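Before any comments, here is the structure.
Hydrogens, waters and symmetry mates play no part in the numbers below; they use all other heavy atoms, side chains included. Everything numeric in this text was worked out from a predicted model, so none of it was measured. Numbered from 1 within each chain, the chains take letters A, B, ... in sequence-line order.
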4 protein chains.
Amino acid sequence: MGTPDPVRRSERARTAVLESTIDLCRADGFARMTIEGIAERAGVSKKTIYRWWSSKGEVLLEALAGRAEIAAAFPDSGDLVRDMCAQTMSVVELLSPQETSPYASLVAEGQRDPALSAAIRTRLVDPFIARFDERMHSAVAARELPASVDLGVAVDLFYGPIYHRLVFGLGLPDGPQLETRVRHVVAALRSGGVPRPPAG
Amino acid sequence: MGTPDPVRRSERARTAVLESTIDLCRADGFARMTIEGIAERAGVSKKTIYRWWSSKGEVLLEALAGRAEIAAAFPDSGDLVRDMCAQTMSVVELLSPQETSPYASLVAEGQRDPALSAAIRTRLVDPFIARFDERMHSAVAARELPASVDLGVAVDLFYGPIYHRLVFGLGLPDGPQLETRVRHVVAALRSGGVPRPPAG
Amino acid sequence: MGTPDPVRRSERARTAVLESTIDLCRADGFARMTIEGIAERAGVSKKTIYRWWSSKGEVLLEALAGRAEIAAAFPDSGDLVRDMCAQTMSVVELLSPQETSPYASLVAEGQRDPALSAAIRTRLVDPFIARFDERMHSAVAARELPASVDLGVAVDLFYGPIYHRLVFGLGLPDGPQLETRVRHVVAALRSGGVPRPPAG
Amino acid sequence: MGTPDPVRRSERARTAVLESTIDLCRADGFARMTIEGIAERAGVSKKTIYRWWSSKGEVLLEALAGRAEIAAAFPDSGDLVRDMCAQTMSVVELLSPQETSPYASLVAEGQRDPALSAAIRTRLVDPFIARFDERMHSAVAARELPASVDLGVAVDLFYGPIYHRLVFGLGLPDGPQLETRVRHVVAALRSGGVPRPPAG
DNA sequence: GTCTAAACGAGACGGTACGTCTAGTCTTTCT
DNA sequence: AGAAAGACTAGACGTACCGTCTCGTTTAGAC
């Protein structure tokens with residue numbers, strides 16, 4: 001009784017909801033978008049939305065999860081700097097313009113909703129990091145990075161600058177800025193960092 | 001007529017509002033906190049809040065702006081790595097626990113409110129960066145960093161890892177993780193990054 | 001969309017609102033009664049009240065319209081003076097005590113709200129006058145009044161004294177006062193009034 | 001301390017308040033008029049209004065009390081019917097148009113405020129009735145009315161029709177309607193009413 | 001002609017209720 | 001049984017006035 005049966009679910013309703021959500025998010029911004037508005041635009045009852053999703057954040061996540069392939073593409077030309085510039089640039093494009101990007105909105109909403117945040121990790125972040133790690137392994141194999149590279153450090157340094165600027169409204173980095181940062185990060189990963197002083 | 005007169009403002013009411021805001025934000029989280037709730041706890045009328053602030057985000061900003069000195073302190077012991085570890089650690093502590101930190105909430109709210117975001121930059125971020133730049137200049141003077149260091153790159157690389165993990169709910173970095181990242185960043189800034197291939 | 005569907009209306013909510021309105025009007029007086037108070041007492045959301053009524057006056061009107069039968073009863077014993085004394089007395093009772101009578105409050109509220117005033121006419125006054133006219137026709141048939149009687153004059157003279165005293169806070173007329181006035185009015189209607197001087 | 005000193009009262013402020021009240025009452029209607037609005041229009045502080053009056057009804061009463069002479073004028077040409085037609089007509093004019101007449105508004109407000117109602121009686125109604133009684137005594141002296149005439153009945157019957165129509169939004173009576181009613185009332189007062197059946 | 005106490009303008013304050021909005025639940029009817 | 005429609009409870013929103021309360025600033029009577 002309590003749990004709906006996915007087999008009988010209306011694909012028409014599901015699709016209409018997801019598309020309306022993307023449209024409204026772009027038009028009004030996530031904060032001004034309402035579940036009532038989605039239901040009305042999708043020609044769907046509110047109940048149907050509440051039956052299948054627990055919040056408007058989850059709806060948006062599902063709407064975006066199907067499309068996020070672009071940013072998760074990691075080119076592998078054999079030139080790590082060039083590839084990471086391209087990859088980070090595609091992430092920046094996904095987040096632009098900051099005001100109306102559904103991805104940026106989703107990330108922001110994750111800050112206020114722990115459940116959504118966890119879902120984002122599972123559906124978007126973890127797969128992304130898995131592909132990132134693959135590319136790093138490829139770079140190690142190509143001797144562009146040392147085998148000892150710390151992938152946790154790597155992902156934080158490559159993407160950190162983008163989110164640092166995102167959260168403080170400093171303006172997303174443009175191409176040259178991104179390239180400078182990528183070059184610094186690659187250098188850092190190759191050097192292994194400033195050595196710790198000998199213990200004792 | 002339309003604009004209230006700051007001279008006649010009640011300091012009692014102002015203080016009560018700011019304190020209630022911090023308390024409620026910690027207790028319920030920013031999203032569940034309401035202006036009605038702040039007014040009631042502060043023993044203040046809603047009108048008084050609306051008279052002086054335009055949103056609950058602005059209230060929280062003002063409440064925090066007076067206290068943010070801690071994170072904006074940049075120790076200068078002569079050892080850049082050690083100082084930046086300490087400094088970034090204090091930032092992480094300010095943002096912990098992620099769920100109930102008023103600072104983390106404020107940053108998150110800035111993502112949905114451009115006006116608030118701009119105010120945060122002016123009141124918190126810009127002064128912070130100014131002090132950061134000072135410390136970097138000191139490091140240059142002490143020959144810990146090259147004179148050619150790009151301070152925009154530096155701030156993004158030092159703080160980016162923290163916000164990268166914050167926005168994706170990856171857990172804020174702990175001490176050892178922070179140290180590893182700081183060491184990489186310092187190395188990167190010293191190296192000046194992987195050189196660009198000669199043009200043409 | 002904008003207009004609610006009466007078929008789906010909750011009878012429970014409607015009844016609870018009307019009863020709470022009467023109770024509160026008697027307890028606090030109409031002026032001190034609030035829509036919030038009605039909603040709370042009725043266990044109903046404010047939205048539900050605003051959906052179906054446009055003002056607290058309209059709510060009270062609907063609450064009273066169902067019960068106003070008493071005052072609209074016109075006994076017909078064959079003795080016009082006796083019957084009109086009884087009838088006007090029942091009107092006075094409906095308006096007593098002046099302070100807390102919902103009917104008196106409704107009439108007063110009609111003075112400040114033209115829309116309500118019109119609704120009162122349609123729902124209460126016009127049906128009342130129709131029954132009054134019937135009784136007058138019966139009196140004409142019984143030769144208690146001349147066929148030439150002006151019913152507009154009649155209704156004004158029978159009920160005017162009550163409202164004259166009501167609006168000026170002169171105290172509603174008691175039984176003997178009412179009887180004296182009714183006797184004068186009947187005499188006036190029988191006489192046809194002081195004759196006009198011949199024109200020219 | 002608590003009671004203000006009438007000697008030092010500012011006549012300028014008093015006059016400005018009374019005039020603004022009349023103006024706003026005509027423009028917006030009594031119900032929509034606010035003390036804040038009066039204060040602003042009069043260039044007076046709210047405190048000044050609250051110092052000298054206890055409600056906006058009292059303000060309006062004082063504003064009108066100075067001007068009500070017209071309606072309280074009772075012509076005495078020796079022709080009672082003609083004089084009372086003129087007099088009641090001037091009352092009707094004072095109450096027209098029903099929507100925006102400050103007098104009608106004041107009467108309506110008296111329905112919701114017993115203190116105001118009492119003040120209206122003292123300042124307006126009682127003096128009016130005193131003059132009415134004078135005119136009736138004159139009519140008795142001129143043998144237009146019997147010496148046994150009941151003045152309470154008389155005032156109710158002359159003015160009742162006006163207020164009956166006022167409170168029910170039936171439209172104030174026009175000249176011919178008034179005349180018809182006056183003629184009936186005079187006839188009723190002359191006849192002394194339908195006689196009571198002999199007791200026992 | 002000062003002095004001084006009170007009335008004044010201005011408007012911030014704690015409140016209350018307004019009428020609107022959206023959330024999330026529940027009910028009815030149709031498919 | 002799922003879905004469309006939409007009424008329902010709940011409660012926050014931002015606004016409008018209320019009546020009270022400082023603040024300086026006139027201002028008018030007493031000295």
Side-chain angles (χ1 to χ4, degrees), chain A residues 1 4-10 12-14 16 32-37 39-40 42-52 54-56, chain B residues 1-10 12-14 16 32-40 42-52 54-56, chain C residues 1 3-10 12-14 32-37 39-40 42-52 54-56, chain D residues 1 3-10 12-14 32-40 42-52 54-56:
Chain A
M1 172 192 62
D5 178 356
V7 172
R8 313 197 51 172
R9 182 170 187 181
S10 157
R12 184 190 65 66
R14 182 179 159 277
R32 270 183 297 282
M33 178 175 73
T34 66
I35 292 200
E36 299 219 336
E40 185 176 351
V44 141
S45 105
K46 283 202 293 174
K47 178 81 179 212
T48 299
I49 297 181
Y50 284 111
R51 178 153 34 225
W52 300 109
S54 59
S55 67
K56 64 178 179 172
Chain B
M1 174 192 59
T3 37
D5 177 356
V7 172
R8 315 194 49 179
R9 183 167 187 183
S10 158
R12 184 191 62 66
R14 183 181 157 276
R32 268 183 298 281
M33 177 175 74
T34 66
I35 291 197
E36 297 220 334
I38 296 170
E40 186 176 352
V44 140
S45 96
K46 284 202 291 176
K47 179 74 184 233
T48 297
I49 298 182
Y50 285 111
R51 182 161 23 232
W52 300 110
S54 59
S55 66
K56 63 178 178 170
Chain C
M1 175 191 58
T3 38
D5 177 357
V7 171
R8 314 196 53 178
R9 183 168 187 183
S10 158
R12 180 191 63 67
R14 182 180 159 276
R32 268 182 299 281
M33 177 175 73
T34 66
I35 291 198
E36 298 219 335
E40 184 176 355
V44 140
S45 96
K46 284 200 293 175
K47 178 77 180 229
T48 297
I49 298 181
Y50 285 111
R51 177 153 35 226
W52 300 110
S54 59
S55 67
K56 63 178 180 172
Chain D
M1 174 193 63
T3 37
D5 177 357
V7 172
R8 313 198 50 169
R9 183 168 187 182
S10 158
R12 184 193 63 68
R14 183 180 159 276
R32 269 182 298 281
M33 177 175 73
T34 67
I35 291 198
E36 298 218 335
I38 296 170
E40 185 177 351
V44 142
S45 107
K46 284 202 292 174
K47 180 86 181 214
T48 298
I49 298 181
Y50 285 110
R51 178 155 32 226
W52 300 110
S54 60
S55 67
K56 63 176 179 172

* Structure fact -> Taken to the nearest whole Å, CD1/B/Ile38 to P/F/dG14 is 11 Å
* Determine: side-chain N/O of D/Thr34 to OP1/OP2 of F/dA16, distance under 4.0 Å, yes or no. => no
* Nearest-angstrom distance from the residue atom NZ of A/Lys47 to C1' of E/dC30 -> 16 Å
* With heavy atoms under 4.0 Å as the rule, sort C/Val7 into base, sugar-phosphate or nothing. => nothing
* Structure fact -> Against the side chain of A/Lys46, the closest entry in E/dG24, E/dC13, F/dG14 is E/dG24
* D/Arg32 side chain N/O closer than 4.0 Å to the phosphate oxygens (OP1, OP2) of E/dC18? -> no
* Asked: Which part of the nucleic acid, if any, lies within contact of D/Gly43, taking any heavy atom under 4.0 Å across all strands shown: a base, the sugar-phosphate backbone alone, or nothing?
  -> sugar-phosphate
* To do: May I have the distance from C/Ile49 (atom CD1) to F/dC8 (atom C1'), rounded to whole angstrom?
  => 13 Å
* Roughly how far, to the nearest 0.5 Å, is OG of D/Ser45 from CZ of D/Arg51? -> 6.5 Å
* Structure fact -> Separation of F/dC18 atom C1' from D/Met33 atom CE, nearest Å, is 14 Å
* Asked: Does the side chain of B/Arg12 get closer than 4.0 angstrom to OP1 or OP2 of E/dG14 through an N or O atom?
  -> yes
* Closest to the A/Glu36 side chain, choosing from E/dA6, E/dG19, E/dT22 -> E/dT22
* To do: Step through the shown structure and confirm whether more than 12 heavy atoms of other residues, nucleotides or ligands are within 6.0 Å of CZ on D/Arg32.
  => no
* Asked: Between E/dC8, E/dA23, F/dT20, which one does the side chain of A/Tyr50 approach most closely?
  -> E/dA23
* Asked: B/Arg9 has an atom CZ; how far is it from atom C1' of F/dC21, in whole Å?
  -> 18 Å
* Calculate the interatomic distance between B/Asp5 atom CG and F/dC23 atom C1'; express it in whole Å. => 10 Å
* To do: Between B/Ser10 and C/Lys56, just flag the one whose closest nucleotide in DNA chain E comes earlier from the 5' side.
  => B/Ser10
* Structure fact -> Among E/dA6, F/dA4, E/dC8, the one nearest any side-chain atom of A/Ala13 is F/dA4
* Asked: Of the candidate nucleotides F/dG14, E/dA6, E/dT22, which contains the atom at the shortest distance from the side chain of B/Ile35?
  -> F/dG14
* **Between F/dA1 (P) and A/Arg51 (CZ): distance, integer Å** => 12 Å
* **Identified salt bridge (charged side-chain N to carboxylate O under 4.0 Å, His left out) partner of C/Glu36 from the options C/Lys46, C/Lys47, C/Lys56** => C/Lys46
* **Phosphate contact (E/dT16 OP1 or OP2) by B/Ser45 side-chain N/O below 4.0 Å** => no
* To do: Could you tell me whether B/Arg9 atom CZ has more than 12 heavy atoms of other residues or ligands within 6.0 Å of it?
  => yes
* Could you tell me the separation between the CZ atom of D/Arg8 and the P atom of E/dA6, rounded to a whole number of Å? => 7 Å
* Should D/Trp52 be listed as having a side-chain N or O under 4.0 Å from OP1 or OP2 of E/dA6? -> no
* Asked: If every non-hydrogen atom of D/Thr48 is compared with every non-hydrogen atom of D/Ala13, which pair is closest and at what distance?
  -> CG2-CB, 4.3 Å
* Determine the minimum heavy-atom distance between D/Asp5 and D/Trp52, stating which atoms define it. => O-CH2, 3.6 Å
